[in-house]
Amino acid sequence: MVGVSSRLRQVVGAVLGVLVLLSIAACSTTVPGRATAALPRDGEPPLNAAPAPPDPEDIIQAPEDGRSLEAHRIAAATPIIPAIFPDRTEYCFPEGAFFSTEAIEGLYFTEGTAKPILDKYGFASGWGECQQDVDDRGTLALSVELSDPASARAAADELAKAGQDFDERTSTVLDGYPVQTSSDATNDTVEIWAPVGRMLAYVYHTAPSGQALDGATRLITEHTRLLEAFTPTPQAELPNLPIDPAGLIPRIVKLPGEIQKGTGPYELEAYLRLAIDAKAERDLLADNGFESMYYVTSGDEENSYSVSLYKFPGSAQTNVVYDGFARLEEEAFGGTPFELPSIPDAPCFVFDGGYAGTPSFYQRCYVGFGGYLASVDVGGLDAADDTAKMDELLPEQRDLIRG
């Protein structure tokens, strides 16, 4: 049920083009009045011929009737697993936004069990988190929004029973919640389903024999606490959720290819579910007036692309966050700096995310102006020095921020 592959917030996963949001790399020092050394000083006139901003419908559509946008809200009500289990340092899958019952069943549950139950009880949207330890013992937390409290209670009972029917597990009840335990020679796995209003919390925790129940209990306690503070959007209003509440889309370059899962706005607590170091970044962003961020990811037959645009009150706060992100990025990844021909002073890094005989490089560059800080990513490149795509996208992104 829990994969052993690296979670897709990391460089290798970014090349694969699934929900990637990485912090900012250190490549140049900041200069008073500027977001990076490559940027014009505050007060300089904007370019006269900035590219036309994209139409919001070119950035994100809502064919899921707002379910994808609701998923980003639900993220904030889903536990940050390393905050509870510091040993769960490795990323895994499944994680991120879920707005179809097919996706949830395919990644979390036995085929043929969860989809009919979630469909019956009015599934709206969901968000999942996944972490594992160095021995591949995994922990999952999934938040699911259903039609009403009675449906959430019924879904909890039926999902637990459906799992029992397919596997040999021990079923118990904890504080009224269905609990199932399975074991192998060295580990126990505990699953708990907990309805909270019309939300449903599901946790899955594997630990050495005798330790899993305590860990799963701590996790479900935190999960229900977060859900109790969360107000789901009435289902009839999902299509009316704002696509761009902070007005950031006009400052985001239009990416090649098809827009992918994960695109949309994120407020602070939701963004932290994508962060490298949630504790450090919460303090850094909150102390510097984080207003909002917007993430766009796309892909074509050759490459993956993404833009992350952060909004702060002004350049002073942008510079502080830049420095903080730079330290985190340097500690976590250690990418190789490179010079982009179109903007030679831009902070740019390249990462080798390939395997032996299968090269795959990932580039990331940064621009900012005033209260805006943006990263542009291009993945899936055959050569580290192939800057053709980045040379197109980064200048356009710079001009949109400055304009």
Side-chain angles (χ1 to χ4, degrees), residues 1 3 7-9 13 16-21 56-79 93-109 111 113-130 140-148 151-152 155-156 159 193 195-202 223 226-227 230-245 249 257-267 269-271 273-274 293-299 304 306:
M1 185 172 298
R7 187 173 183 176
L8 300 178
R9 288 179 293 191
L16 301 177
V18 182
L19 188 58
V20 181
L21 189 57
E57 293 301 321
D58 290 335
I59 291 289
I60 180 172
Q61 299 80 35
E64 306 84 18
D65 298 324
R67 294 180 183 186
S68 59
L69 299 173
E70 182 75 344
H72 299 175
R73 297 185 64 243
I74 295 171
T78 307
F93 193 75
E95 54 82 32
F98 292 95
F99 38 85
S100 76
T101 55
E102 291 88 350
I104 287 179
E105 179 179 273
L107 293 169
Y108 284 88
F109 301 106
E111 182 179 357
T113 61
K115 182 182 186 306
I117 296 170
L118 295 175
D119 285 340
K120 177 170 64 172
Y121 291 117
F123 171 81
S125 189
W127 184 274
E129 289 288 305
C130 181
L140 298 174
L142 173 68
S143 301
V144 175
E145 183 177 316
L146 298 167
S147 62
D148 57 75
S151 293
L159 286 166
W193 293 259
V196 180
R198 48 183 281 236
M199 303 297 296
L200 175 62
Y202 167 72
H223 203 160
L226 292 171
L227 287 176
F230 175 73
T231 302
T233 302
Q235 290 198 6
E237 297 179 15
L238 287 178
N240 301 321
L241 283 173
I243 290 175
D244 186 20
I249 285 177
E258 181 179 353
I259 298 298
Q260 296 180 353
K261 167 186 168 182
T263 290
Y266 290 83
E267 295 309 312
E269 284 301 317
Y271 161 76
R273 275 60 183 174
L274 312 174
M293 70 84 59
Y294 207 101
Y295 176 69
V296 183
T297 178
S298 74
S304 63
S306 66

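Trp193 and Phe109 have parallel rings, their planes meeting at less than 30° on a 0 to 90° scale where 60° marks the start of perpendicular.
Partner of Leu142 under the side-chain contact (heavy atoms from CB on, under 4.5 Å) criterion, out of Leu107, Ile104, Leu200: Ile104 alone. Looking at Glu145, Arg67, Lys115, Gln235 one by one, the single match for side-chain contact (heavy atoms from CB on, under 4.5 Å) with Phe123 turns out to be Arg67.
A donor-acceptor pair under 3.5 Å is absent between the side-chain atoms of Ser306 and the main chain of Thr297, judged by distance alone.
Side-chain contact between Tyr202 and Leu159: absent, with no pair of heavy atoms (C-beta onward) separated by less than 4.5 Å. Between Glu129 and Pro79, every side-chain heavy-atom pair lies at or beyond the 4.5 Å cut-off. Residues Ile243 and Tyr294 form a side-chain contact, since some pair of their non-hydrogen atoms from C-beta on lies under 4.5 Å apart. Looking only at side-chain heavy atoms (C-beta outward), His72 and Tyr271 stay at 4.5 Å or farther from each other. Side-chain contact between Glu70 and Phe99 is absent, with no heavy-atom pair separated by less than 4.5 Å.
Considering only residues two or more places apart in sequence or on other chains, Pro245 meets the side-chain contact (heavy atoms from CB on, under 4.5 Å) condition with Pro242, Pro265. Residues meeting the salt bridge (charged side-chain N to carboxylate O under 4.0 Å, His left out) test with Asp148, sequence neighbours left out: none. With sequence neighbours excluded, the residues that form a side-chain contact (heavy atoms from CB on, under 4.5 Å) with Ser100 are Glu102, Ala103. The side-chain contact (heavy atoms from CB on, under 4.5 Å) search around Ala201 returns Ala194, Ile220, His223, Leu227, not counting sequence neighbours. With sequence neighbours left out, the ring pair (Phe, Tyr, Trp, His ring centres under 6.0 Å) criterion links Phe98 to Tyr108. Remark: Glu269 pairs with Arg273, Arg282 by the side-chain hydrogen bond (donor to acceptor under 3.5 Å, both in side chains) rule, at least two apart or across chains.
For the atom pair Leu146 CG and Ile117 CD1, the distance stands at 10.5 Å (nearest 0.5 Å).
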